[in-house]
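For reference, the structure discussed in these notes is given below.
Throughout, a chain's letter reflects where its sequence line sits, starting with A, and its residues are numbered from 1.
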Protein chains: 2
Amino acid sequence: MPRVVDHDQRRAELSLAVWRVVGERGLDGLTLRAVAEAGGCTTGRVVHYFADKEALLAHAREIMHRRMTERIEALPVGAGPRERLRAVLLEGLPLDDERRLLTTVWAYFLIAAHGSAVLRAEHDRRHASWIERLTGLLRAAYQRPPADLDLRVRGLVALLDGLAVYAVTTPHTYPPELLVRTLDSHLELLGVLP
Amino acid sequence: MPRVVDHDQRRAELSLAVWRVVGERGLDGLTLRAVAEAGGCTTGRVVHYFADKEALLAHAREIMHRRMTERIEALPVGAGPRERLRAVLLEGLPLDDERRLLTTVWAYFLIAAHGSAVLRAEHDRRHASWIERLTGLLRAAYQRPPADLDLRVRGLVALLDGLAVYAVTTPHTYPPELLVRTLDSHLELLGVLP
DNA sequence: CTGTTAGCGTAACGGCTGTTACGTAACGGG
DNA sequence: CCCGTTACGTAACAGCCGTTACGCTAACAG
């Protein structure tokens, strides 16, 4: 056996390079050569670890979701249900550099879901899971859950992701502080502010 | 003078072709040849009326916003402030074919605002105007406006546009009926449901 | 009727893209 | 020590893109 390399780590490195390129140049600016440059190598390495561009993108997306889930599950436990709900929601907003990068990539994949059946199906799966998670959290946050809890969740998620998209496209207009205040205002309206 | 043609109409026709292409193939699928095909002509006509692709896109966007405003101003007057607020908000959701097309184009330009300073500035202008309009409408809908009215508006807009983006990307999961019910649930929460 | 000019189809060009093929260097098993 | 395999840089390729140049056609002024 020749030179030994950790394939998973290489793929993770290249996925990170994909994030950076998307974060800087958008999804149309994402070329194999740009990824190679961001990853400090040539296209030779990129194509060596991924069959084609689609596989590269799919893996970068997979890693993104894995990282998001990882962050949520790393949140401190023990707090009350309302604190926990708010903490999870804040993970969906681009409040620091890492989340800004993750959210940007997420937003591009969201729009790309229009026009690609594969991306749309994948997005639908993730979204349903996200809705389910938040339904549980919101229900737990209520002493007596309202009858239209499902609509409250849909609205909450739409508000959160709408804010996230705005923060990605026009971060100057939607700074982290405004995002948090807007979310808190909505939580207060819902009656589940900690 | 040779053959006489209405330039504005030609440009409007080609802008409609842009909408259709974006609606079917997305912004990356938007090529001059695709626009020509959708417009029932060749690239010769397209480049004859627009200096370059950027000008074509800018005009298609301009027409889109003009049409959206036109629809809003065509709404029946005379209803109460809460009916009016709801009617305007419903114009922001893809509830029929035309709005679906308009919203799709809008969503693509929204994401494209990330990565292009020109598109971002333009979006920022439009967005501020939209926020301003809704602030007035929501204030009028309240008997006694809350202290954090601005945050209520931000949340309302984020919810609306979040729903719109979801409806564009996964219309099957977010049918018109769910959009309206979610919006109404939020309006009820705000205490401004007609 | 004739000349001029806008309208626009056709085609060519250079640049960039994803993909593929090839060459080389380095490492580990025998 | 040697050899096979893996890692990956380099380069060529075909396809599509926006842009540009060119040429024909049809309509109006005179």
Side-chain angles (χ1 to χ4, degrees), chain A residues 1-62 105 108-109 112 115-116 118-119, chain B residues 1-61 105 108-109 111-112 115-116 118-119:
Chain A
M1 295 252 286
R3 193 157 32 150
V4 52
V5 177
D6 185 337
H7 284 222
D8 283 339
Q9 172 163 353
R10 280 275 188 263
R11 275 191 269 265
E13 286 171 14
L14 291 174
S15 293
L16 181 64
V18 168
W19 297 357
R20 281 207 297 265
V21 172
V22 171
E24 287 173 14
R25 312 193 210 178
L27 205 53
D28 7 316
L30 185 88
T31 67
L32 295 191
R33 300 171 220 269
V35 171
E37 190 187 351
C41 61
T42 68
T43 59
R45 184 187 280 182
V46 181
V47 300
H48 183 70
Y49 288 101
F50 295 99
D52 52 13
K53 189 183 179 180
E54 189 182 333
L56 171 64
L57 269 173
H59 193 261
R61 180 187 196 173
E62 171 67 29
V105 176
Y108 272 105
F109 272 109
S116 160
V118 178
L119 293 181
Chain B
M1 293 250 290
R3 192 156 33 151
V4 52
V5 177
D6 186 338
H7 284 223
D8 283 339
Q9 173 164 351
R10 280 275 188 264
R11 276 191 268 265
E13 286 171 14
L14 292 173
S15 294
L16 181 64
V18 168
W19 296 358
R20 281 207 297 266
V21 172
V22 171
E24 288 172 13
R25 313 192 210 177
L27 205 53
D28 5 318
L30 185 88
T31 67
L32 295 192
R33 299 169 221 270
V35 172
E37 191 186 352
C41 61
T42 67
T43 60
R45 185 187 278 183
V46 181
V47 299
H48 184 70
Y49 290 99
F50 295 99
D52 52 12
K53 188 182 179 181
E54 189 182 334
L56 171 63
L57 268 172
H59 193 261
R61 182 188 194 173
V105 175
Y108 272 105
F109 271 109
I111 303 300
S116 162
V118 179
L119 294 180

Who pairs with R10(B) by salt bridge (charged side-chain N to carboxylate O under 4.0 Å, His left out), at least two apart in sequence or on another chain? E13(B)
Applying ring pair (Phe, Tyr, Trp, His ring centres under 6.0 Å), which residue pairs with at least one partner in residues 8-40 of chain B are found, sequence neighbours left out? none
Pick base, sugar-phosphate or nothing for F50(A), based on heavy-atom distances below 4.0 Å to the nucleic acid. nothing
Where along residues 8-27 of chain B does a heavy atom fall under 4.0 Å from DNA chain C? R10(B)
What residues, two or more places apart in sequence or in another chain, satisfy side chain to side chain contact (heavy atoms under 4.5 Å, CB included) together with E54(B)? D52(B)
Closest to side chain of T42(B), choosing from dT10(D), dT10(C), dA7(D): dT10(C)
Which heavy atom of A12(B) sits nearest to which heavy atom of H59(B), and what is that distance? N-CE1, 4.4 Å
Relative to each other, are the rings of Y49(A) and H7(A) parallel, tilted or perpendicular (30° and 60° limits)? perpendicular
Quickly work out the H48(A) NE2 to dA25(C) C1' distance and round it to whole Å. 14 Å
Between N or O atoms, less than 3.5 Å apart, protein on one side and nucleotides 15-22 of chain D on the other: list the pairs.
| unit_1 | atom_1 | unit_2 | atom_2 | d |
| --- | --- | --- | --- | --- |
| dG18(D) | OP1 | K53(B) | NZ | 2.7 |
| dG18(D) | OP2 | L32(B) | N | 3.0 |
| dG18(D) | N7 | R33(B) | NH2 | 2.7 |
| dG18(D) | O6 | R33(B) | NH2 | 2.8 |
| dT19(D) | OP2 | K53(B) | N | 2.9 |

Dump the intermediate steps for side chain to side chain contact (heavy atoms under 4.5 Å, CB included) on V105(B) and V18(B), then the final yes or no. CA-CA 9 Å; V105(B) 175; V18(B) 168; over 6 Å; no
Can you list, pair by pair, the side-chain donor-acceptor contacts under 3.5 Å of residues 28-43 of chain A, counting residues two or more places apart and other chains?
| unit_1 | atom_1 | unit_2 | atom_2 | d |
| --- | --- | --- | --- | --- |
| T31(A) | OG1 | A34(A) | N | 3.0 |
| T42(A) | OG1 | G44(A) | N | 3.3 |

Kindly compute the distance separating CZ (R25(B)) from CZ (R20(B)), expressed to the nearest 0.5 Å. 11.5 Å
Between C1' of dC8(C) and NE2 of H7(B), the distance in whole Å: 12 Å
